[in-house]
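What follows is a set of notes on a single structure, which appears directly below.
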4 protein chains.
Amino acid sequence: MPADPDPIRAQLIEARRNQILDAATTVFAEKGFHRTTTKEIASTAGVSEGTIYNYFDSKEGLLVGILTRLAELDTLDEELMGALQGDPRDFLVTMLRRRLGLIDRVHDMVLAVLPEVLVTPKLRERFYRQFVLRTATSLEHYVQACIETGHIRPVNAPLTARAVQGAFVGLLLFRLFGDEVVLAGWGDYPEVLATVMFDGLRPRADEAGGESR
Amino acid sequence: MPADPDPIRAQLIEARRNQILDAATTVFAEKGFHRTTTKEIASTAGVSEGTIYNYFDSKEGLLVGILTRLAELDTLDEELMGALQGDPRDFLVTMLRRRLGLIDRVHDMVLAVLPEVLVTPKLRERFYRQFVLRTATSLEHYVQACIETGHIRPVNAPLTARAVQGAFVGLLLFRLFGDEVVLAGWGDYPEVLATVMFDGLRPRADEAGGESR
Amino acid sequence: MPADPDPIRAQLIEARRNQILDAATTVFAEKGFHRTTTKEIASTAGVSEGTIYNYFDSKEGLLVGILTRLAELDTLDEELMGALQGDPRDFLVTMLRRRLGLIDRVHDMVLAVLPEVLVTPKLRERFYRQFVLRTATSLEHYVQACIETGHIRPVNAPLTARAVQGAFVGLLLFRLFGDEVVLAGWGDYPEVLATVMFDGLRPRADEAGGESR
Amino acid sequence: MPADPDPIRAQLIEARRNQILDAATTVFAEKGFHRTTTKEIASTAGVSEGTIYNYFDSKEGLLVGILTRLAELDTLDEELMGALQGDPRDFLVTMLRRRLGLIDRVHDMVLAVLPEVLVTPKLRERFYRQFVLRTATSLEHYVQACIETGHIRPVNAPLTARAVQGAFVGLLLFRLFGDEVVLAGWGDYPEVLATVMFDGLRPRADEAGGESR
DNA sequence: AATGAATGAGTCTTCATTCAT
DNA sequence: CATGAATGAAGACTCATTCAT
């Protein structure tokens with residue numbers, strides 16, 4: 001008799017949960033939380049309605065499940081800390097690339113979750129702390145550190161951090177809306193944003209009437 | 001038959017419509033579109049449920065009504081064109097101030113409308129064209145013009161415009177989430193953002209301690 | 001403009017409530033609370049399902065409504081007090097006749113309510129206080145008074161009261177079960193019970209080998 | 001095929017059945033048949049849901065099982081017949097004591113079964129014949145016999161039997177409702193009821209203070 | 001125009017029962 | 001025999017919409 005059949009059981013449970021969450025994410029993203037019926041989620045996941053409730057407390061529990069998954073994707077903190085030594089412009093570009101690369105996996109999850117999050121105090125608070133604030137704080141510390149090492153000019157760190165993060169989030173919204181320009185320029189965006197942020201829009205003395213880089 | 005009892009009648013009708021839209025905006029913003037019942041809207045507006053249907057086709061018609069109102073607030077184009085002569089940094093600060101000042105009126109409307117918009121193709125398309133794309137295009141033209149007049153360095157205009165707009169929208173989201181830093185720094189934000197955008201984060205040669213790249 | 005159209009409105013509401021409660025009573029009595037669907041109640045009442053919920057909070061609210069109606073039928077107290085002067089045997093017969101006459105109206109209500117009451121602490125408590133205990137206490141006082149006036153032998157008043165009441169309730173159960181003997185002897189029951197209770201089953205000295213009264 | 005592993009097997013089966021019926025009785029009595037889930041019964045019994053269905057056809061089969069158990073407790077007939085010789089008052093007291101002593105085992109079973117029985121024609125019929133009518137008929141014969149031997153006055157035997165039985169059942173209901181008086185007077189009840197029944201409530205000529213009618 | 005009672009389609013959720021392991 | 005995950009039918013309840021007054 002094996003000492004623990006539990007691991008196998010646990011893996012099956014996890015797989016089933018993921019199967020259901022995948023389906024929920026897809027359908028929520030497509031039609032919105034409220035216009036999606038549990039029956040639809042079930043048939044998309046290839047299980048019965050009842051099975052959903054063997055793995056989640058309620059329809060809203062699926063939202064929380066997706067939220068939790070999103071949180072697990074987030075490992076910004078480590079990156080930030082690990083990258084502290086490098087040049088901030090390179091760091092920004094790298095971070096943006098990574099985030100933008102993640103977007104395919106994240107896109108639907110955010111779309112599935114955000115509309116409800118905006119409007120449900122409990123979820124809003126959770127989402128804010130888990131994503132918005134967590135990232136903002138990390139960035140803030142990073143900017144502060146860069147200022148102290150002289151890599152960045154002495155700007156208002158908290159607000160600047162939010163400006164950078166806001167620009168990124170705004171971009172995500174453009175993508176959610178299917179903006180052609182953003183979709184086409186997706187790969188260039190890190191460089192463009194880094195340029196704007198670090199070099200500024202103001203013409204340099206050495207760029208009189210100049211051409212673009 | 002009198003020639004025109006219309007004007008008065010029309011004004012009454014408009015007033016009643018606004019009364020209902022105000023109520024809908026408030027309650028949608030607070031609880032979300034789907035969690036709000038027509039009964040709630042009616043009682044908040046101080047009318048009966050039936051009356052709502054004398055002024056709007058359906059519950060969704062209220063969303064469209066709010067969307068239309070939002071559009072009426074938007075007069076960016078004129079500003080942009082009128083301001084073309086000035087210094088772009090001043091323009092950015094002015095525009096941000098104006099927008100941020102508008103925010104109190106806009107906040108609830110956006111919150112009422114956005115979650116549904118994100119998830120309803122018809123509304124999404126409408127919202128995208130009416131707000132996102134319209135503003136983006138104006139900004140794009142403006143940036144392009146500035147580049148041509150030498151007020152701005154030769155950057156990728158469409159992407160840059162979206163970066164600026166995205167930073168603004170992201171800020172709005174921070175506010176929707178009740179972020180303390182953004183709320184406290186609300187008044188400073190135009191200057192901070194303008195500084196980042198125009199002067200860049202990179203230390204200038206003439207700044208003490210700073211070393212250029 | 002009439003000062004109060006309210007009374008009419010109130011009467012309509014009351015009528016509709018009764019219409020629904022009548023239907024619920026009938027169907028609950030026939031199939032039991034849980035086997036009865038709201039759809040069935042609605043169609044029996046000749047209204048739509050939704051209408052039920054305009055008048056009652058929930059399916060369980062219907063039970064409470066029936067319970068309340070039962071309570072309104074109950075005017076034992078006054079009878080008891082008014083009858084205190086008379087002979088207790090006559091009183092018992094009169095009371096039983098009245099109660100048994102009421103039974104047609106009460107039968108279904110009890111059948112509708114009792115099974116749930118027995119098994120739902122909240123309802124049980126309410127039912128016990130409102131019917132069982134209230135009647136028991138009245139009877140108890142009555143028996144006590146009769147003892148003091150010498151109309152009844154000095155027995156244990158509380159227990160005796162419960163014996164009388166229990167005999168009546170037991171009879172009701174027989175009827176609920178459709179017992180032929182009880183149904184056939186329904187009209188005779190008051191006399192029989194009064195005889196047993198007052199004269200006792202033990203043969204009297206003066207009734208040697210005698211015939212019934 | 002072995003000739004008899006049966007006895008042992010049969011005992012195990014019986015034990016498991018009882019284990020399940022005990023659990024069902026407890027939970028049905030506490031929350032009612034319909035509010036009890038098979039999962040609850042299973043966990044109370046310490047088995048899995050599936051196991052229940054190895055021993056019973058359906059959830060309703062559990063009710064029938066409890067009903068059958070109740071029937072097995074009932075051995076009134078023999079008592080009645082065996083006791084025919086004695087004094088009827090002594091018999092009543094003895095029988096009541098025995099029944100009241102049984103009550104602890106019976107209480108939950110009745111509570112588990114009665115609400116459904118009242119409302120389910122099939123069960124109602126079965127219960128009526130097996131308990132109500134069977135006991136009533138025995139009592140009726142007994143009373144009739146007592147009348148013929150002169151131990152009891154010539155009353156209406158069937159109705160009187162039901163009066164006695166009804167008083168007992170009513171008492172049981174008081175207990176189900178948790179009536180304090182009945183609970184406290186439980187031990188005295190046989191004597192009290194016997195006194196009422198046999199001696200009557202009417203004051204005797206030989207009782208001080210009492211004046212006869 | 002205003003009202004609000006009536007409607008009934010639609011949905012989440014529960015739970016008895018089955019069956020592969 | 002025991003298990004417990006999967007099933008899906010069924011039902012209470014909600015709420016946008018209508019319409020007679």
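Protein chains get the first letters and strands the later ones, always in sequence-line order, with residue 1 at the start of each.
Using a cutoff of 4.0 Å between basic side-chain nitrogens and carboxylate oxygens, R17(C) and D22(C) are not scored as salt-bridged. Between E40(A) and K31(A), at least one side-chain N (NZ, or NE/NH1/NH2) sits under 4.0 Å from a carboxylate O, which counts as a salt bridge.
Rounded to whole angstrom, the span from the CD atom of E60(B) across to the P atom of dC15(F) amounts to 17 Å. Regarding I41(B), its CD1 atom lies at a distance of 16 Å from the P atom of dG4(E), rounded to whole Å. dA2(E) atom C1' lies 13 Å from atom CD1 of I13(B), rounded to whole Å. Following rounding to the nearest Å, E40(B) (CD) and dG4(E) (C1') show an atom-to-atom distance of 17 Å. Between the CZ atom of F56(D) and the P atom of dT18(E) there is a distance of 15 Å, rounded to whole Å. Atom CD1 in I52(A) sits about 10 Å away from atom P in dT13(E), given to the nearest Å. Note: CG (L12(B)) to P (dA1(E)) measures 9 Å, nearest angstrom. What separates CG of L63(D) from C1' of dA16(E) is a distance of 14 Å, to the nearest Å.
An OP1 or OP2 oxygen of dA1(E) is reached within less than 4.0 angstrom by a side-chain nitrogen or oxygen of R9(B). OP1 or OP2 of dA16(F) sits under 4.0 Å from a side-chain N or O of T38(B). Neither OP1 nor OP2 of dT11(E) sits under 4.0 Å from any side-chain N or O of R35(A). For Y55(A) and dA6(F), the shortest distance from a side-chain N or O to OP1 or OP2 is below 4.0 Å. OP1 or OP2 of dT3(E) has at least one side-chain nitrogen or oxygen of T51(B) nearer than 4.0 Å. Listed pair N54(C) / dA5(E) fails the phosphate criterion, with no side-chain N or O lying under 4.0 Å from OP1 or OP2.
Residue R16(C) has its side chain nearest to dA6(E) when only dA16(E), dT14(E), dA6(E) are considered. The nucleotide whose nearest atom lies closest to any side-chain atom of Y53(A) is, among dA16(F), dT14(E), dA2(E), dT14(E). Distance from the side chain of V47(B) is smallest for dT3(E) among the nucleotides dA12(F), dT3(E), dC12(E). The T37(A) side chain lies nearest to dT11(E) when the options are dT11(E), dC15(E), dG4(E).
Taking CG of L21(B) as the start and CG of L63(B) as the end, the distance is 10.0 Å to the nearest 0.5 Å.
The base-pairing partner of dT3(E), taking Watson-Crick or G-U wobble contacts with both distances under 3.5 Å, is dA20(F). dC12(E) and dG11(F) make up a base pair, with Watson-Crick or G-U wobble contacts both under 3.5 Å.
Two residues, K59(D) and D57(A), neighbour DNA chain E, and the one matched to the more 5' nucleotide by heavy-atom proximity is D57(A).
Side-chain contact between F127(B) and L118(B): absent, with no pair of heavy atoms (C-beta onward) separated by less than 4.5 Å. The shortest side-chain heavy-atom distance between V119(B) and H34(A) does not fall under the 4.5 Å cut-off.
S43(D) comes within 4.0 angstrom of no nucleic acid atom, judged by non-hydrogen atoms across all strands.
Side-chain atoms of E49(C) come within donor-acceptor range of the base of dC13(F), with a qualifying N/O pair under 3.5 Å.
Donor-acceptor pairing under 3.5 Å is recorded for the side chains of R69(D) and N18(D).
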